[in-house]
Structure formats: C-alpha cells, structure tokens
**Student:** 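I am attaching a structure below and will ask some questions about it afterwards.
Any value given below was found using the heavy atoms of this structure, including those in side chains, with hydrogens, waters and symmetry copies removed.
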Amino acid sequence: MVTASICTIGDEILIGQIVDTNSSFISKELGRIGIKVVYMATCSDSKKEIISTLKHCLKKSEIVITTGGLGPTKDDITKTALMELSGSNKMKRSRKQLTIIKQILASRGIQMLDINLMQADVPQNCTVIPNKIGTAPIMQFSFRKELFAKDNLLFAMPGVPFEAEHALPEVIAAIQSHYKLDKIHHKTICTFGIAESVLSKQIEPFEDALPKNIHLAYLPNPTLGVRLRLSIYGGEDGNKVLEQYAAKLKAILGNNCYGEGEINLQKVIGQLLLEKKATISTAESCTGGYLAHLITEVPGASHYYLGGVVSYHNSIKINHLGVDTKIVKQFGVVSRQCVAQMAQGIRKKFGTTYSIATSGIAGPSGGTHNKPVGTLWMAACGPRGCVCNTLVSKSTRQINIERFAAAALDFFRRSLIEEKI
C-alpha cells in the first residue's frame, strides 16, 4: 500500500497562533483514493529543521506533502530548503504562475514588487502545478529510490487553507498518474450514551473475532459520542465485507447505535421528526442555547424546530415556563421536578408535538455535595407524557455544556424510538 507523510511548516502553528486544519483535510482526501497516511509533523521556519523533517518523512513514506512557508516574506524559506534538499543549484521562473500573480495583484490594486516576482521562481528540478487562486505555486519533486529507499514524490503546497484545498485535486491527479493505488474501505458506526471503556468491554468478543485484515478504531467526541471505525486496507470487496461486520456490530449495540458515517444526533432527530411530521421546542438553562444551536445546524430544521427559551434565571423558569415556585424551593432548579415542568411549559407555550429541557451545573463552581459540578437533569416531553434522566460529566465548563446538549438530544432520541413520550 502506498503511504504518505504530511508536514506543516511554520512557527505560528508551533506556538498555537494558528490551528493546522490542512493536515486533517489532506489526510481525509488521500484516504479516499487509497493512500494511508502514516506520519504527520510540524516544524519551525528553520532551513535546517525543514530539511531534517522532510528527510525523515521521505524515509517513512512514498509521498510527502508539505504546506506553508511559501509566502513573499523573509521567514518563508521552504523554497530555499527544498532547493537544497532536491540538489538543485538554479531557479527557474514559472511563466504560468507569474501571469496568475500579475492578475491577482492587479485585481487587488497592489503594485508588483520584486518579492512578488520572486514567488514565481522555483527550483529548476521541480514540476510546477500553478496555484490558480494564490501567488505561491505548488512544487512537485521526484527523488530517486536510492536516496530514501522509496520511489518518492514530494509536493510543496501553500499554507493558506482555501488555497491548499483548491490545489489538492491536481496534486491527487499527479499522484494517481504515478502510483498504482490500493483501495481503503471504512465503515463508521456512531454510538452515544455508553462510555468508551464500557463499550470496549461490550464488544470485546466481536473485536477479538475480527479477521486480521479488519481494523477497529475508537473515536470519542463530546457531541458525537464514540464512533467505531472498521477499516480494510486493500481488496475489491472491502465494502461488502465491512457491511456484514457492521450489521453484526449494530446488533450488539442496540439503541446505543444512532447511525453510520458522518451523521450526528441532530440530523437523526431531524429525520425522525420529519417522518412523524412532528415539531419540537427547547427550554434550556445550563446549556445556554447550545441545544438549540445543535438542532438548527441542520439545514431545513425550521420544518420541525419552532424555537426555544434560554431560561437562565429562575424568574424566567417561573414566569415564562410555568415552573412552580414550590418546586424551586423544595427541590431546586437542578432537579427532576423542575426540568419536567420546564419541558411541559415550553411544549404548551409553543404548541409543539415534543419538547426537550435541560437544567444543570456546568461549572467550574456552583456544585454541592448532592449536586456536584457537572450534574445535568434533562427531560423529554410528548403526547405520551414526560420522562427525565440525569448524568454527571466531570470536565471543563465548555465540554460539559457540549456534552449536556448532546446527551439531551440522545435522551430524546431514545425516548422517541422507545415510544415513551
């Protein structure tokens, strides 16, 4: 199987000033065409570091893709490093890239300077893939097998994400014309409401019985739950085989499984509501509108989501959602009784088929012995009645909020398909 390494270049990434999104995007696209990414690295704007890192990458994999360090300023030295690494002693000017540079600068009303001209200069022994939407060209280098024990191709791409994404199809076309690629098959099963350790124990017999050519990976996420990715590297019938094993896995998981692939809980709920021609509303406290945010992320959510109330202050819960003051005094707002009345109140107020309510303690303060930080009460309400549940999430405030909202969505999903509401 053909393998690849991805190297991002720039001090701004190392100090956390910029988040590297290029690597994940490139990795996904390479996986789609049957290339396995085996290594990722980030190095500083130092010629010595760039050369050293790229040599290491070239020894590890056939394909190396770099992003960054190709701008017009003095700290952009990737081109110089590549010139030395590839053994080139001369620069050539890419006429195609120069034309693009002139057009871009003219459209922005920017005067052409020497440093702009120099961006069209590339090492003589590279192949140029013109960057149609930016000033830095994409450079392709070939390395003899005796140098790094592999038939290597190296591509240097700009670091600006939308430029890298736009250029990648041409890079992929160059790769496909050079290598015979095997297929990579993936199948992802999405679960929620079951801890990774518990999940691992539940499916242990299934995992132990997997053939050697099928790999299982656990991918936890606060709002997506734990996704289980089954993979086969190579082979023509990989998708059929994975379908069979995915079916077995879903049978084991039951309602802990909410879907496959890139789906999320809010999409699943949207589909369920559309099928029932039903509507929903939300009453939130601790989630502060994040529950509504997730629901409305889905295009077309207006067909089933009417709106919600963020009842952060107790007076809003009492005056707008109809929560009884006696309930607040006796049980507190973080309670089964309060969250049930919140759900009932918003459903009645908005006239929706269903409703969801959340009340909890996101942290970092506000907890008690009986109700520690991370406590959530949630309710789901519908024509059959109202059901409540609780959980404790011991994490940061932001992750608690995200997990609370996702847990409420999942609780609603389960309650709906089990016909409890």
Side-chain angles (χ1 to χ4, degrees), residues 28 31-32 34 36 183-276 278 280 291 294-295 297-301 304 354 356 378 380 382 384 387 389 391 393 402-421:
K28 282 181 183 178
R32 292 184 204 279
K36 185 178 182 181
K183 290 185 179 179
I184 300 177
H185 307 276
H186 297 298
K187 188 79 174 174
T188 303
I189 307 301
C190 308
T191 75
F192 202 94
I194 181 168
E196 188 177 1
S197 56
V198 177
L199 181 61
S200 174
K201 199 68 181 173
Q202 183 180 347
I203 65 170
E204 188 175 15
F206 170 86
E207 191 171 359
D208 290 343
L210 284 174
K212 288 185 178 180
N213 67 325
I214 299 181
H215 306 272
L216 177 65
Y218 293 76
L219 310 169
N221 180 282
T223 57
L224 296 174
V226 181
R227 289 172 295 165
L228 300 168
R229 189 188 66 221
L230 293 163
S231 303
I232 293 179
Y233 296 93
E236 291 296 324
D237 58 349
N239 283 331
K240 280 187 179 179
V241 174
L242 290 184
E243 284 285 355
Q244 294 168 4
Y245 280 93
K248 292 178 183 178
L249 186 54
K250 286 193 287 186
I252 297 168
L253 295 168
N255 281 348
N256 289 320
C257 171
Y258 67 84
E260 296 182 6
E262 298 297 315
I263 201 162
N264 53 39
L265 287 164
Q266 51 268 39
K267 287 181 183 177
V268 170
I269 285 169
Q271 290 170 0
L272 289 170
L273 291 169
L274 286 172
E275 287 169 11
K276 291 179 175 289
I280 192 169
L291 177 57
L294 290 180
I295 294 171
E297 268 191 338
V298 182
Y304 49 84
Y354 301 101
I356 309 174
M378 51 193 156
R384 290 185 175 88
V387 290
N389 198 13
L391 66 81
S393 171
E402 292 174 10
R403 191 167 286 149
F404 287 171
L409 287 175
D410 185 60
F411 179 60
F412 174 79
R413 175 188 69 88
R414 290 171 186 262
S415 301
L416 193 60
I417 61 178
E418 292 168 10
E419 298 186 339
K420 292 180 178 178
I421 56 175

**Student:** Are any non-hydrogen side-chain atoms of V268 and I263 less than 4.5 angstrom apart?
**Tutor:**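 The answer is yes; the side chains approach within 4.5 Å.
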
**Student:** With heavy-atom distances below 4.5 Å as the criterion, would you say the side chains of I194 and L253 are in contact?
**Tutor:**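 I194 does not reach L253 side chain to side chain.
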
**Student:** Of all heavy-atom pairs between L294 and A406, which one has the smallest distance, and what is that distance?
**Tutor:**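 Scanning both residues completely, I find the closest heavy atoms to be CD1-N, 4.2 Å.
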
**Student:** Determine whether E262 and K267 satisfy the following criterion, salt bridge (charged side-chain N to carboxylate O under 4.0 Å, His left out), listing intermediate values before the conclusion.
**Tutor:** CA-CA 10 Å; E262 298 297 315; K267 287 181 183 177; over 6 Å; no

**Student:** Got a sec, which residues hit ring-ring contact (aromatic ring centres under 6.0 Å, His included) with Y218, two or more places apart in sequence or on another chain?
**Tutor:**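 Listed in chain order: nothing, the list is empty.
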
**Student:** Can you name the closest pair of heavy atoms from Y354 and G382 and give their distance?
**Tutor:**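 Smallest interatomic distance, heavy atoms only, reads CD2-CA, 3.6 Å.
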
**Student:** Do the side chain of T191 and the main chain of V226 share a donor and acceptor less than 3.5 angstrom apart?
**Tutor:**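 Yes, because the side chain of T191 sits within donor-acceptor range (under 3.5 Å) of the backbone of V226.
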
**Student:** Do N256 and R414 have side chains that approach each other closer than 4.5 Å (heavy atoms only, starting at C-beta)?
**Tutor:**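 Yes, their side chains come closer than 4.5 Å.
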
**Student:** In Å, rounded to the nearest 0.5 Å, how long is the span from CG of L409 to CD1 of I280?
**Tutor:**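 One gets 8.0 Å once the value is rounded to the nearest 0.5 Å.
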
**Student:** So do the side chains of I232 and L242 get within less than 4.5 Å of each other, counting heavy atoms only?
**Tutor:**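 Sidechains of L242 and I232: in contact.
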
**Student:** List for me each residue that meets ring-ring contact (aromatic ring centres under 6.0 Å, His included) alongside F192, sequence neighbours excluded, and say none if there are none.
**Tutor:**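 In terms of ring-ring contact (aromatic ring centres under 6.0 Å, His included), with neighbours along the sequence ignored, F192 is linked to no residue.
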
**Student:** Provide the closest heavy-atom pair for Y304 versus G300 in the form atom of the first, atom of the second, distance.
**Tutor:**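 So the minimum-distance heavy-atom pair works out to CE2-O, 3.9 Å.
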
**Student:** Any heavy-atom pair between the side chains of V241 and H185 that's under 4.5 Å?
**Tutor:**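 No, every pair of side-chain atoms sits at 4.5 Å or beyond.
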
**Student:** Pick one: which of H186, K187, H215 meets side chain to side chain donor-acceptor pair (under 3.5 Å) with S231?
**Tutor:**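 Exactly one pass, corresponding to H186.
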
**Student:** With the side chain counted from C-beta on, respond yes when R413 and L416 share a heavy-atom pair under 4.5 Å apart, and no when they do not.
**Tutor:**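 A side-chain contact under 4.5 Å is absent here.
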
**Student:** In the structure I gave you, are the side-chain heavy atoms of L273 and F412 within less than 4.5 Å of one another anywhere?
**Tutor:**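 Heavy-atom side-chain distance check passes, below 4.5 Å.
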
**Student:** Just wondering, do T223 and Q266 contact through their side chains at under 4.5 Å, heavy atoms?
**Tutor:**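 No, too far: nothing below the 4.5 Å cut-off.
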
**Student:** Determine the minimum heavy-atom distance between A380 and I421, stating which atoms define it.
**Tutor:**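 Taking A380 first and I421 second, the nearest heavy atoms are O-CG2, 3.4 Å.
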
**Student:** Would you list the pairs meeting salt bridge (Lys or Arg N to Asp or Glu O under 4.0 Å) in which at least one residue belongs to residues 203-229, sequence neighbours left out?
**Tutor:**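 Listed once each, the pairs are K201-E204.
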
